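Okay, structure first, notes after.
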Amino acid sequence: MSDWLTAIENDTQASVLVTVALVEGSGPREVGAKMRVTLDGQVDTIGGGHLELRAVEIAKTMLVTGDTHARLERFALGPSLGQCCGGVVHLAFEYVDGILKELLAGLRERRQQDSWKVTALDGESASALFDAAGSLIAGTPGQAPDTFSRERATHVAQGSEGRRWLVDPCLAPRAHLTLFGAGHVGAAIVRALAYLPCTVTWVDERDDMFPAQLPENVRIAATDTPEEFVAMAPPGGSFLVMTHSHALDQRLTQAIMEREDAGWFGLIGSHTKRKQFEHRLQARGVPDERIAAMVCPIGMPGIRNKAPAVIAASVACQLLMVWEEAAAAALAAPLRLASASAPPRRQARVAIHPL
């Protein structure tokens, strides 16, 4: 999901970073989608088709001419590009020079932390990187805006002097899954989630069940007390239970039910297993609404194939729906402006406001 970022590491080849800054109507990718273009090719995608072809042409022209100024280009997909999406997409183009390389290096180190990248789209080149507290981590001294909208997706904002800025949140993955069970289905689910925007804590008592090579977004926990990892999961985190033991499944289910802030919870098994667990949970005083929220059987309705890879694909779709709904709800929250803080010599006096 972040090849545009990791592919630049230790690479001296000139490149341009292309970002979907604004979408009006229907577009091939969401705001914040990125690709990196070099004279030899590209990494990642902003949606393919004629739009991407034109974006690559513009980026390569910047590279050939040495045009290092950031720019914002508007593309009407239907009239000018013949794409059936029919919307309007605004793309930001940033030449990856020394300042931006510094920012991207900071982002690579902070992939598990929230960051905001802010780039001037008009006038003198200026870029800055902020942390969650609004502190300036890297960027152009004296030219970083001192306020920006924290709770919006990627957008273009305008300063009081009329200068436009690309405000680009580069956030740590919000979606987290605690997966109990390293059997065939558990391993298939880890593979299915490897390139999705999430992190996974993979828990099992049997250390030898974990593969030698793991996806970057997965950490393992070989432990004799897996219930501890229920308590360690982040608030709102998702849980998936599929161990080798029904008794252990029961203990983990009970522990998850006791967490009032637990998110989505899936339990592998049949309708018969669900009924058995429902009776046991009711006997232990678990409220009916908590039991009703338990997902068992797991997977998308209508998919009956029980091969591990098929179950994994089905559950991955199910989780993506849950996580995207949560992300949409978070973006619908009231906006707040974050004040940027930095040493006096690096502070700016520019307040930017959403367009």
Side-chain angles (χ1 to χ4, degrees), residues 1-2 4-11 14-22 31-34 36 68-72 90-174 197 330-331 333-355:
M1 293 298 292
S2 59
W4 63 270
L5 178 63
T6 56
I8 297 174
E9 189 171 10
N10 298 323
D11 192 350
S15 63
V16 170
L17 183 63
V18 184
T19 303
V20 179
L22 178 66
V31 293
K34 297 176 178 64
R36 171 225 183 185
T68 61
H69 288 87
R71 58 198 291 183
L72 186 69
H90 299 252
L91 299 179
F93 294 80
E94 299 174 78
Y95 192 100
V96 182
D97 56 7
I99 295 172
L100 187 52
K101 282 184 179 180
E102 179 186 357
L103 265 61
L104 295 180
L107 280 175
R108 283 195 295 272
E109 296 173 357
R110 295 175 52 81
R111 273 179 287 176
Q112 299 305 318
Q113 303 174 66
D114 290 347
S115 305
W116 280 262
K117 183 174 72 67
V118 182
T119 299
L121 296 172
D122 303 303
E124 184 181 353
S125 297
S127 296
L129 186 67
F130 296 94
D131 65 13
S135 296
L136 185 62
I137 302 170
T140 308
Q143 296 192 41
D146 58 11
T147 60
F148 54 94
S149 300
R150 291 180 58 183
E151 295 181 2
R152 293 187 66 187
T154 299
H155 62 282
V156 177
Q158 193 168 47
S160 56
E161 82 298 348
R163 195 179 193 188
R164 295 173 303 171
W165 298 80
L166 175 67
V167 181
D168 189 16
C170 301
L171 307 179
R174 293 298 194 266
L331 286 175
L335 296 180
R336 292 182 301 172
L337 284 180
S339 296
S341 60
R345 62 184 174 84
R346 301 189 73 181
Q347 280 188 320
R349 298 301 178 210
V350 180
I352 61 175
H353 310 282
L355 288 177

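On a predicted model such as this, the values are computed, not experimentally measured, just so you know. Starting from 1, each residue takes its place in the sequence as its number.
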Exercise. Determine, step by step, whether Val20 and Leu91 satisfy the side-chain contact (heavy atoms from CB on, under 4.5 Å) criterion, reporting the C-alpha distance in whole Å, the side-chain angles of both residues, the deciding distance to 0.1 Å, and the verdict.
Key: CA-CA 5 Å; Val20 179; Leu91 299 179; 3.8 Å; yes
Determine the minimum heavy-atom distance between [X] and [Y], stating which atoms define it.
{"X": "Leu107", "Y": "Trp4", "answer": "CD1-CH2, 4.3 Å"}
{"X": "Ser15", "Y": "Arg36", "answer": "CB-NE, 3.4 Å"}
{"X": "Gln113", "Y": "Ala172", "answer": "N-CB, 3.6 Å"}
{"X": "Arg110", "Y": "Ser115", "answer": "NE-OG, 2.8 Å"}
{"X": "Ala120", "Y": "Trp165", "answer": "N-CE3, 3.5 Å"}
{"X": "Ala153", "Y": "Val31", "answer": "CB-CG2, 3.8 Å"}

As a test of understanding, state which of [options] forms a side-chain contact (heavy atoms from CB on, under 4.5 Å) with [X].
{"X": "Leu129", "options": "Leu100, Leu103, Leu136", "answer": "Leu103"}
{"X": "Trp116", "options": "Asp131, Leu171, Thr154", "answer": "Leu171"}
{"X": "Glu94", "options": "Asp168, Thr19, Val16", "answer": "Thr19"}

Exercise. Determine, stepwise, if the pair Leu72 / Arg164 fulfils side-chain contact (heavy atoms from CB on, under 4.5 Å).
Key: CA-CA 9 Å; Leu72 186 69; Arg164 295 173 303 171; 3.6 Å; yes
Practice problem: Taking Arg163 for its side chain and Asp122 for its backbone only, find out whether a donor-acceptor pair lies under 3.5 Å. | Solution: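 Such a contact is found between Arg163 side chain and Asp122 backbone.
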Exercise. Output the distance between atom CG (Asp97) and atom OG (Ser127), rounded to the nearest 0.5 Å.
Key: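 Between Asp97 CG and Ser127 OG, I get 7.0 Å after rounding to 0.5 Å.
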Quiz item: To the nearest 0.5 Å, what is the distance between NZ (Lys117) and CD1 (Ile137)?
Solution: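 These two atoms lie 13.0 Å from each other.
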Exercise. With sequence neighbours excluded, tell me which residues meet salt bridge (charged side-chain N to carboxylate O under 4.0 Å, His left out) with Arg174.
Key: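 Applying salt bridge (charged side-chain N to carboxylate O under 4.0 Å, His left out) to Arg174 gives Asp114.
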